[in-house]
> 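After the structure tokens below, expect a handful of questions from me.
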Amino acid sequence: MGTGGIAAGGSTVMEAFRQEFAEVGVDNARVVEKCRLHKVGCRGFCARDVLVDIAIDDQSWTYQYVDEKMVKRLVAEHILDNKPVEQWLVGDDYHTFHDNQEKIILGVLGHIDPESIDEYIGIGGYKAAEKVLATMTPQDTIEEIKRSGLRGRGGAGFPTGLKWSFCAANQADRRYIICNADEGDPGAFMDRSVIEGNPHAVIEGMIIGAYAIGADTGYIYIRAEYPLAVQRLKIALAAAKERGFLGKGICGSSFDLDLKIKLGAGAFVCGEETALIASIEGERGMPRAKPPFPANKGLWGKPTIINNVETLANIPPIINRGAEWFTSIGSEKSKGTKVIALTGKIRNTGLIEIPMGMPLKKIIYDIGGGIEGDRLFKAVQTGGPSGGCIPQQHIDLPVDYEGLKSVGSMMGSGGMVVLDETDCMVNIAKFFLTFTQEESCGKCVPCRIGTKRLLEILTRITEGEGKPSDLDLLQELAEDVRDASLCGLGMSAPNPVLSTLKYFRHEYEAHIFQKKCPAKVCSKLLTFYIRPDHCVGCGACKKACAVKAISGELKQVHQVDQALCIKCGSCFDACKFNAVIKE
């Protein structure tokens, strides 16, 4: 019952089970009375939704692609007769997907009811907060997080404990803690899924962080486009306050904390910490020059700590299991795990959690199941719209902060888009520049004007109007935007251009010099033909053509008038006989 599951029909399936139990309960009351419908958050394997577990005694079975029409048989055969419906069960690939991961944050998602504080407490929830408040000083808490090597999971990878220590060292009459749950990257759904599946983990992390820096007020900044996450946060905050984990004298201590939800309006730039602060203060979400950094002068001029959802959710297990346990996971300089949204041209899309340092190849082929349609892997774009594109030659690269940075990309919040041989890298760069240019807040000239000029050049190249001088101009302008922009979002916006120029320059050259798109994506560089030996004269292509560029009678071979063709590709999409080709 996460957003992905609900979109696939989770609510309908759950209601179907409820109705079926009511119908069969008359004759099978003893069995049905023991049945309990249990909603959970996203388990990660979004490509297989709706997922349903049926647990009887100590054994559990998982079904995939479940819809309401399957419910009657599942109840009759599996629940009443204890005979699993074998053809609907998940296969070995489902288990392979999960077994190759190491789950700290996602471990309980898909197992506990996100709207039940009792289930969170039942798995050890709020034990870390109780431990910190009862046995550790704020400085002890900071030192433990420092020793763990936890780095911010929001993108920059700054050491969390060090950031906390900077804030705590500032003399001030008040401090604040903020959870950044804005998450505006296309294809990224890590923070949303964690909050939807286990909101109490984030709240507990904020309690510990607030205690460590001496804050009595905190904000969870989350975009209004996440209604389910907001709803479950509200339920969790109310339950935590009722049980004494928020408010006055938390867990019988002298520590007070009030947490509030602040809804964002969907501006990508508000993921940048100073723009986020401005938004909470009621100002337009625009970044401010640094220094001073928020840890010194943040919300309303007071020392402020901003951590993202994943960072905060890591805090309770570190306190419970110790810094040494956390440092045993991951690579030399990047400790722990990373939650990644795995999307694109890949068989197994979804949410995964890997130890830092896992090679790209293992993620794509062992967890992701390889490229959809057995096509060739071409590149992977990491770090959201401001990340770089990593080519096939670096497929053995370890996924951690240092590894990704070494090839011109970045960890970012954790988005990972897999591209195959049918993707045009010039068009990919244009796609991401379109997003960052539209989302530029406009405060600084390099980002406001520079991204617009970059997009204009890329558009010109994809439309067959590129000039040889555009290659050097793109490189120079991208470097200027990177070096001169005010905030991190502007600085990283040119990454898709710089990385594709570095690794796929031959594609740019083909667009400019040969006026061809090697991947056959850029429509204005294509020519459409009809193959006489495949055409059956059905007329589908002729009907689809809006400019009447296709001639030919029914049951006769059709032809394309190149002088009239506007290269929209509608004929190619309409033909069911592979008679229309593009070159």
> Do Asn308 and Asp191 have side chains that approach each other closer than 4.5 Å (heavy atoms only, starting at C-beta)?
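Contact flag for Asn308/Asp191 side chains = yes.
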
> Enumerate the residue pairs fulfilling salt bridge (Lys or Arg N to Asp or Glu O under 4.0 Å) with a member in residues 549-569, sequence neighbours excluded, ordered by first and then second residue.
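Of all non-adjacent pairs touching residues 549-569, none passes salt bridge (Lys or Arg N to Asp or Glu O under 4.0 Å).
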
> For Asn348 and Ile367, indicate whether the former's side chain and the latter's backbone hold a donor-acceptor pair under 3.5 Å.
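Yes.
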
> Between the main-chain N or O of Gly271 and the side-chain N or O of Asn180, is there a donor-acceptor pair closer than 3.5 Å?
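Yes; judged by distance alone, with no hydrogens or angles, the pair exists.
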
> Can Gln19 and Glu23 be counted as having a side-chain donor-acceptor contact under 3.5 angstrom?
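Their side chains do not contain a donor-acceptor pair, so the 3.5 Å distance test is not met.
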
> Is any side-chain heavy atom of Thr451 less than 4.5 Å from a side-chain heavy atom of Cys447?
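A side-chain contact exists here, since the closest heavy-atom pair is under 4.5 Å.
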
> Between Lys515 (side chain) and Gly464 (backbone), is there a donor-acceptor pair under 3.5 Å?
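Such a contact is found between Lys515 side chain and Gly464 backbone.
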
> Ignoring hydrogens and angles, tell me if any N or O in the side chain of Tyr503 forms a donor-acceptor pair with the backbone of Val407 under 3.5 Å.
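Confirmed, Tyr503 side chain pairs with Val407 backbone.
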
> Side chains of Leu474 and Ile461, heavy atoms from C-beta outward: is any pair under 4.5 Å?
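The answer is yes; the side chains approach within 4.5 Å.
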
> Hey, could you give me the CG/OH distance between Asn100 and Tyr365, rounded to the nearest 0.5 Å?
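Going from CG on Asn100 over to OH on Tyr365, the span is 15.0 Å.
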
> Applying the side chain to side chain contact (heavy atoms under 4.5 Å, CB included) criterion to Leu454, which one of Ile449, Thr459, Leu477, Leu473 satisfies it?
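Going through the options one by one, the only one that passes is Leu477.
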
> Are the side chain of Arg192 and the backbone N or O of Asp182 linked by a donor-acceptor pair below 3.5 Å?
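Looks like no, no N/O pair under 3.5 Å.
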
> For the residue pair His78 and Tyr63, categorise the inter-ring angle as parallel (less than 30°), tilted (30 to 60°) or perpendicular (more than 60°).
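Plane angle over 60°, so perpendicular.
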
> With a 4.5 Å cut-off on side-chain heavy atoms, are Leu263 and Val230 touching?
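They are in contact (side-chain heavy atoms under 4.5 Å apart), so the answer is yes.
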
> With salt bridge (Lys or Arg N to Asp or Glu O under 4.0 Å) as the criterion, how do Arg347 and Asp374 come out once you've worked through the C-alpha distance, each side chain's angles and the decisive distance to 0.1 Å?
CA-CA 9 Å; Arg347 286 193 178 92; Asp374 291 323; 2.4 Å; yes

> Is the side chain of Gln381 donor-acceptor paired with the backbone N or O of Val417 at a distance under 3.5 Å, no angle test?
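Flag not set: sc Gln381 to bb Val417 has no pair under 3.5 Å.
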
> Compare all side-chain heavy atoms of Trp61 with those of Ile56 and state whether any distance is below 4.5 angstrom.
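They are in side-chain contact.
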
> Is a salt bridge present between Asp93 and Arg48, judged by a nitrogen-to-oxygen distance below 4.0 Å?
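Counted as a salt bridge, because a side-chain N and a carboxylate O are separated by less than 4.0 Å.
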
> Are the side chain of Glu102 and the backbone of Ile354 linked by a donor-acceptor contact shorter than 3.5 Å?
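Looks like no, no N/O pair under 3.5 Å.
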
> Is there a side-chain contact (heavy atoms from CB on, under 4.5 Å) between Val557 and Val536? Walk through the geometry before answering.
CA-CA 7 Å; Val557 175; Val536 297; over 6 Å; no

> Looking at every heavy atom in both Cys541 and Cys571, which two are closest together, and how far apart are they?
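That closest heavy-atom pairing would be CB-CB, 3.8 Å.
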
> After noting the C-alpha distance and the side-chain angles of Lys72 and Glu20, does the key distance pass the salt bridge (Lys or Arg N to Asp or Glu O under 4.0 Å) rule?
CA-CA 6 Å; Lys72 184 178 288 289; Glu20 189 64 20; 3.3 Å; yes

> Give the intermediate values and the outcome of side chain to side chain donor-acceptor pair (under 3.5 Å) for residues Glu68 and Thr12.
CA-CA 6 Å; Glu68 68 271 21; Thr12 306; 5.3 Å; no

> Identify whether NZ of Lys or CZ of Arg in Lys582 sits under 6.0 Å from the centre of the six-membered ring of Phe572 and within 45° of that ring's axis.
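Satisfied, under 6.0 Å and within 45°.
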
> Could you walk me through whether Arg232 and Glu115 pass salt bridge (Lys or Arg N to Asp or Glu O under 4.0 Å), step by step?
CA-CA 6 Å; Arg232 289 182 177 166; Glu115 297 180 14; 3.4 Å; yes

> Should Tyr508 and Leu458 be marked as a side-chain contact (heavy atoms from CB on, under 4.5 Å) after you check the CA-CA gap, both sets of side-chain angles, and the distance that decides it?
CA-CA 9 Å; Tyr508 282 87; Leu458 289 170; 3.8 Å; yes

> Among residues two or more places apart or on two chains, list those pairs meeting salt bridge (Lys or Arg N to Asp or Glu O under 4.0 Å) that have a residue in residues 433-456.
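Output for this query lists Arg453-Glu456.
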
> Side-chain contact test, heavy atoms from C-beta onward, threshold under 4.5 Å: evaluate it for Ile363 versus Ile352 and give yes or no.
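Yes, at least one pair of side-chain atoms sits under 4.5 Å.
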
> When you compare the side chain of Cys517 with that of Cys424, does any pair of heavy atoms fall below 4.5 Å?
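Side chain of Cys424 against side chain of Cys517, heavy atoms only: contact under 4.5 Å found.
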
> Can you name the closest pair of heavy atoms from Asp53 and Arg43 and give their distance?
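Reported closest heavy-atom pair: OD2-NH2, 2.7 Å.
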
> Verify the distance criterion only: is there a donor paired with an acceptor across the side chains of Glu183 and Tyr226 at less than 3.5 Å?
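Yes.
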
> Asp400 side chain to Gly403 main-chain N or O, any donor-acceptor pair under 3.5 Å?
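Between the backbone of Gly403 and the side chain of Asp400 there is a qualifying donor-acceptor contact (under 3.5 Å).
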
> Got a salt bridge between Glu310 and Lys338, using NZ or NE/NH1/NH2 to carboxylate O under 4.0 Å?
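Yes, Glu310 and Lys338 are salt-bridged.
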
> Tyr65 and Met70: which non-hydrogen atoms are nearest, and at how many Å?
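Distance-wise, the nearest heavy atoms are O-SD, 3.4 Å.
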
> Where is the tightest heavy-atom contact between Ala493 and Pro496, given as atom of each residue plus distance?
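Taking Ala493 first and Pro496 second, the nearest heavy atoms are O-CD, 3.2 Å.
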
> For Asn427 and Thr462, does a side-chain donor sit closer than 3.5 Å to a side-chain acceptor?
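Side-chain D/A pair, Asn427 to Thr462: absent.
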
> Can any side-chain N or O of Glu463 pair as donor or acceptor with the backbone N or O of Lys524 at less than 3.5 Å?
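Here the side-chain-to-backbone pair does not exist.
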
> Give a yes-or-no answer on whether the side chains of Thr3 and Glu196 include a donor-acceptor pair shorter than 3.5 Å.
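Distance-only check passes for Thr3 and Glu196.
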
> Give the minimum heavy-atom separation between Leu89 and Pro84, together with the two atoms involved.
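Closest heavy-atom pair between Leu89 and Pro84: CD1-CB, 4.3 Å.
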
> Quick one, Thr62 with Val52, criterion side-chain contact (heavy atoms from CB on, under 4.5 Å). Give me CA distance, side-chain angles, the key distance, then yes/no.
CA-CA 6 Å; Thr62 300; Val52 173; over 6 Å; no

> Could you tell me whether the side chain of Arg223 and the main chain of Ala181 form a donor-acceptor pair under 3.5 Å?
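Side chain of Arg223 to backbone of Ala181, a donor-acceptor pair under 3.5 Å: no, none is there.
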
> Rounded at 0.5 Å granularity, tell me how far CE in Met14 sits from CE in Met1.
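Taking CE in Met14 and CE in Met1, the distance rounds to 5.5 Å.
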
> The test is side-chain contact (heavy atoms from CB on, under 4.5 Å); show your working for Leu397 and Ser406 and say whether it passes.
CA-CA 9 Å; Leu397 183 80; Ser406 70; 4.0 Å; yes

> What's the spacing between Ile364 CD1 and Asp366 CG if we round to 0.5 Å?
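It comes to 10.5 Å.
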
> Around Asp92, counting heavy atoms of other residues, nucleotides and ligands shown, do more than 12 lie under 6.0 Å from its CG?
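No, CG of Asp92 has 12 or fewer neighbouring heavy atoms, counting only those of other groups under 6.0 Å.
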
> Does CZ belonging to Arg73 count more than 12 external heavy atoms closer than 6.0 Å?
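Above 12, so yes.
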
> If we ignore angles and hydrogens, is there a donor and acceptor under 3.5 Å between the side chains of Ser551 and Gln559?
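Ser551 vs Gln559: no donor-acceptor pair found between side chains.
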
> Heavy atoms only: give me the nearest Thr436-Pro385 pair and the separation to one decimal.
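Closest pair (atom of Thr436, atom of Pro385, distance): CG2-CB, 4.0 Å.
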
> Check this for me, if you would: do Lys516 and Glu507 make a salt bridge, where the nitrogen-to-carboxylate-oxygen distance has to be below 4.0 angstrom?
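No.
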
> Does Phe528 reach the side chain of Val580, with side-chain heavy atoms less than 4.5 Å apart?
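When only atoms from C-beta onward are counted, Val580 and Phe528 do touch, with a gap below 4.5 Å.
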
> Calculate, to the nearest 0.5 Å, the distance between atoms CE and CD belonging to Met190 and Glu353 respectively.
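Here the rounded value is 12.0 Å.
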
> Going by atom types alone, do Thr382 and Ser409 pair a side-chain donor with an acceptor below 3.5 Å?
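Short answer, yes.
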
> Between Tyr94 and Phe45, how do the two ring planes meet: parallel, tilted or perpendicular, split at 30° and 60°?
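Because their plane-to-plane angle is under 30°, the rings of Tyr94 and Phe45 count as parallel.
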
> Taking side-chain hydrogen bond (donor to acceptor under 3.5 Å, both in side chains) as the test, write out the residues that go with Thr422, two or more places apart.
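Here the qualifying residues are Lys345, Asp420.
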
